[in-house]
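Following: one structure in structure tokens, then a few remarks.
Computed from a predicted structure; not experimentally measured. Keep in mind that the numbers below use all heavy atoms, side chains included, and drop hydrogens, waters and symmetry copies.
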Amino acid sequence: MKIYEVNKIMKSINVQISEIEYNTFGFIKDNIPFSEFADLIERQIAKQALRRCVSLADSQGLSTMSMDEINSEINAVRQCKK
């Protein structure tokens, strides 16, 4: 049973964000359930993490590796651990 089903009393909070953040996070209305709010935030955090990973891969020269090269690297590391 989900928590919100046990206690049907709803509370509200007011969070102020800039218009840029509002648009960046993809809000389309001002009053949303917490689960929708959390989902939008999680998606944005995941996008930011992916951008950082891509940037890091680019800076380390990993973004140009083929799948065969990546698999070879993985296998080499696994062999060293044995």
To the nearest 0.5 Å, tell me how far [X] [atom1] sits from [Y] [atom2].
X     : Y     : atom1 : atom2 : result
Thr64 : Asp58 : OG1   : CG    : 8.5 Å
Ile70 : Asn75 : CD1   : CG    : 12.0 Å
Met67 : Ile74 : CE    : CD1   : 7.0 Å
Ile45 : Leu50 : CD1   : CG    : 14.0 Å

Point to revise | Test item: Lys29 and Glu36 side chains (from C-beta on) under 4.5 Å apart, heavy atoms | key: yes
**Study point:** Validation row: Phe25, Phe37 side chains within 4.5 angstrom (heavy atoms)
**Key:** no
Review point. Among all residues two or more places apart in sequence or in another chain, which pass the side chain to side chain contact (heavy atoms under 4.5 Å, CB included) test with Ala57?
Key: Leu62, Ser63
Practice item. Answer with yes or no whether the hydrophobic clustering places Tyr22 together with Ile41; edges join I, L, V, M, F, W, Y residues whose side-chain heavy atoms lie under 4.5 Å apart. Key: yes
**Study point:** Single-linkage hydrophobic cluster, 4.5 Å side-chain cutoff, Phe34 and Phe27 together
**Key:** yes
Give the table of side-chain donor-acceptor pairs shorter than 3.5 Å for residues 11-19, with sequence neighbours excluded, one pair per line with atom names and distance.
residue, atom, partner, partner atom, Å
Ser18, OG, Glu21, N, 3.1
Ser18, OG, Glu21, OE1, 3.3

**Study point:** For Asp39, all residues meeting salt bridge (Lys or Arg N to Asp or Glu O under 4.0 Å), sequence neighbours excluded
**Key:** Arg43
Check your understanding: Can you tell me if Ser55 uses its side chain to pair, donor with acceptor, with the backbone of Arg51 under 3.5 Å?
Key -> no
